[in-house]
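Okay, so here's the structure we're looking at.
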Amino acid sequence: MTDWFVVAAIDFGTTYSGYAFSFRSHPNDIHTPQTWCAGSSSLASLKAPTCLLLNPDKSLNSFGYEAQDKYVNLVLEEKHRAYFYFERFKMTLHQEKNLSRRTTIEDILGRTLPAIDVFGKSIKYLKNHFLTTLKNRVSGSSINDVLFVLTVPAIWRDSAKEIMREAALNAGIPPRQITLALEPEAASIMCQNIPNEDCTISLPGTQYLIADIGGGTGDFTVHEILGKDTIKEISKASGGAYGGINVDLNFLQFLQKVMGVNALRQLKNEEMEDYLDLLRDFEIKKRTVTNEEEKTYVVKLSASFNKFARDNNPNFQREIKYLRLKGTAVFLKDKLKIDAVIMRGFFENSINDILDHIKTLLERYKNVKHILLVGGYGECTLLQEAIRKKFRNKTLIVPQDCGLAVVKGAVLFGHKPERMSSRILRYSYFTNLRQDFDPSIHDIKRKAISDFGDIFCKGSVLRIIAAGTAIDSTGLQKKMSVYPLYKDTDHIWCEIFYSEKNDLLYDDSEDCKSLGTIRIPMAGKKGERERCKAVFTFGLTSLQLKVMNSAGKEVEKSFDLLE
């Protein structure tokens, strides 16, 4: 902390992204940029839409509302095909099972670019925007004065987190000035001292469930307060694709039914400005949805959208009553009037998924008394009311501006990462060090004999530690002995693997993923059996492996568990 005087957190979301920062002298005085505004509508937000526009040479053009508006103008001028426009692409890192540096993301026209480049350009924009803000406040400041914290969903695979770290490097952030913060942990840190009529979640011994629901995913975990500014993780992170984009997808499916699939496709491909205005108008409307039975909602339909629908089906307005909608929808010239039943239906599946997930966790963790709801979707009144109704014996806590809880908490985490005193391992970790052959569990074809007469299992893995193990700030050690298998070797390659499963047998299993390797030099003469001592030390965010050979020479390597 002596090398930088400001911590800046970048919260990269599925639908919206932003940043916050505070100075070392006043860490709790957290600043966010001014409200981001759309140029062609009254829509404003505390974050910018996650939309990226790249120039024909794939260099950064713009981000957020600016990218949306510029792309619309390019479409009007028929110049857009030379540019690359991406939107809502974060979910790729959640949905893609086999992530790598070769993973690509499609732009709006179906062309692909490497995911690391797309994320890197987006982070670069937010980084540059922040540095401009910082220089306006502190003359002479530079990137070297900043520790950057990137927020990532706790339920992401390690490969997804690594892509975000490499994207930040590509964005020009020095490696020693990058740290990752898990989104539910950041929110938990931010919300410790939130007052409530019935309780506070800052009292030691308090257990609470964190529901971090953003645009794409929902992250859930259980924390316990140990003392002032100290949190312990009780359950490992879990969740799924329960975010607010499901509401938008349901709305678009509804429009396909009413206006026609081809009409909506034409609107997006040929009248991008009208398409964006439609989505922005719905964004404003959906923020006002409540459980009021008599309320109706009016969605504006552009002349182009009506024309496309009429071209595909001249009678589409009259045939709306035959669509068997759950509620009523009526055309009023250039508007579509829909009742509360239909509007609430757009939220139904995602809210039910969230309630089911919370129910499962509460059944397992009986001491939880409070539910902390954060994230952009957490601002939804329907979701809040559904949680209160479903879990009447729990206290629901929704912080003010809960959509900023993660990014503000990430700033505090950057100032004091030791606030998290304990984490639950999400994965089991294994090593390829020799394992004795067991005929009751091992494939006979893998049976082998070492040069020293040991019967071992080829390609087997030995579990070091199981998923679900609690790791505190002092770390947890596991020790084992290491022997060479062959007389003519002068080193041993030790490889570390991880998996969500606890009972892996072989390193070529589909569920077995490599974390990294370390080379262990032998000290004795070739042909002699040598014993080395290996110590695995698990910390909150890292695995440290230290091996000492018979001559007392040590080799060590650190593996980042957040990567």
Side-chain angles (χ1 to χ4, degrees), residues 9 11-20 30 32-33 35-38 41-50 64-65 88 90 151 153 183-184 186-188 190-191 194-196 201 208-220 239 241-251 279-292 295 297 340 343-344 346-355 357-358 370-391 394-410:
D11 183 20
F12 199 92
T14 299
T15 52
Y16 290 93
S17 299
Y19 66 83
I30 301 174
T32 55
T35 303
W36 307 80
C37 299
S41 77
S42 59
L43 182 62
S45 57
L46 297 173
K47 297 180 186 177
T50 306
Y65 289 119
R88 296 188 174 186
K90 182 182 176 183
T151 65
E183 291 173 359
S188 183
M190 179 61 199
C191 301
I194 294 176
N196 185 274
I201 60 171
Y208 53 97
L209 184 150
I210 304 166
D212 174 21
I213 319 294
T217 60
D219 268 19
F220 304 85
Y242 311 145
I245 59 172
N246 292 287
V247 181
D248 298 344
L249 292 175
N250 289 335
F251 171 64
L279 294 183
R280 288 173 177 176
D281 183 46
F282 178 70
E283 181 69 24
I284 295 171
K285 296 293 191 306
K286 78 177 186 181
R287 295 181 185 185
T288 67
V289 178
T290 66
N291 277 314
E292 292 182 46
K295 192 171 182 179
Y297 302 86
M343 199 67 165
R344 288 197 300 271
F346 300 147
F347 296 77
E348 187 174 342
N349 61 338
S350 59
I351 289 179
N352 287 339
D353 287 339
I354 292 168
L355 295 178
H357 202 102
I358 292 176
H370 319 296
I371 299 172
L372 177 61
L373 181 61
V374 297
Y377 198 16
E379 297 175 350
C380 172
T381 301
L382 280 182
L383 176 59
Q384 294 175 13
E385 292 180 359
I387 293 176
R388 288 192 179 97
K389 182 178 179 180
K390 180 77 172 181
F391 309 105
K394 309 296 179 184
T395 302
L396 177 65
I397 302 174
V398 184
Q400 186 176 8
D401 293 335
C402 67
L404 296 177
V406 168
V407 69
K408 288 184 175 181

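Please read these numbers as outputs of a predicted model, since none were measured by experiment.
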Which value, rounded to the nearest 0.5 Å, describes the distance between Lys408 atom NZ and Ile30 atom CD1? 6.5 Å
Tell me, with the steps shown, if Thr381 and Val289 meet side-chain contact (heavy atoms from CB on, under 4.5 Å). CA-CA 7 Å; Thr381 301; Val289 178; over 6 Å; no
Run the salt-bridge test on Lys47 and Glu379 with the 4.0 Å N-O cut-off and return the result as yes or no. no
Measure across Val374 and Ala405 and return the closest heavy-atom pair with its distance rounded to 0.1 Å. CG1-CB, 3.8 Å
Classify the ring geometry of Phe346 against Phe282: parallel below 30°, tilted from 30° to 60°, perpendicular beyond 60°. perpendicular
Can you find a pair of side-chain heavy atoms, one from Ile387 and one from Leu355, that are under 4.5 Å apart? yes
Using side-chain heavy atoms (C-beta onward) and a distance below 4.5 Å, is Ile245 in contact with Ser350? no
Which heavy atom in Val406 sits nearest to a heavy atom in Ala187, and how many Å separate them? CG2-CB, 4.1 Å
Polar side-chain atom of Thr50 near backbone of Gly13 as donor-acceptor pair, under 3.5 Å: yes
List the atom of Pro399, the atom of Leu372, and the distance in Å for their closest heavy-atom pair. CD-CD1, 4.0 Å
Measure the shortest side-chain to side-chain distance between Lys90 and Thr217 over non-hydrogen atoms and say whether it is less than 4.5 angstrom. no
Side chain to side chain contact (heavy atoms under 4.5 Å, CB included) test vs Phe220 passes for just one of Ile371, Asp212, Ile213, namely Ile213
Are any of the side-chain heavy atoms of Asp248 and Leu279 separated by less than 4.5 Å? no
Under the salt bridge (charged side-chain N to carboxylate O under 4.0 Å, His left out) rule, what do Arg344 and Glu348 come out as? Steps first, then yes or no, please. CA-CA 7 Å; Arg344 288 197 300 271; Glu348 187 174 342; over 6 Å; no
Please give me the minimum heavy-atom distance between Gly215 and Thr14, naming the atom from each residue. C-CB, 4.0 Å
Any heavy-atom pair between the side chains of Lys295 and Met343 that's under 4.5 Å? no
Does some side-chain heavy atom of Phe391 sit less than 4.5 Å from a side-chain heavy atom of Leu396? no
Inter-residue atom distance Arg388.CZ - Leu383.CG, 0.5 Å rounding: 10.0 Å
Check Glu183 against Asp11 and note the closest heavy-atom contact, atom names and distance. OE2-OD1, 4.1 Å
Taking atom types as modelled and ignoring hydrogens, do the side chains of Tyr208 and Ser188 form a donor-acceptor contact shorter than 3.5 angstrom? yes
Nearest heavy-atom pair of Tyr16 and Tyr65: which atoms, and what distance? CE2-OH, 3.7 Å
Drop me the distance from Leu373's CG to Ile397's CD1, to the nearest 0.5 angstrom. 10.5 Å
Are Asn349 and Asn250 close enough that a side-chain donor and a side-chain acceptor fall under 3.5 Å? yes
So do Met190 and Leu404 actually touch side chain to side chain, heavy atoms under 4.5 Å? no
Should we count NZ of Lys390 as having more than 12 external heavy atoms under 6.0 Å? no
Would a 4.5 Å heavy-atom cut-off, applied to side chains only, mark Tyr297 and Thr288 as touching? yes
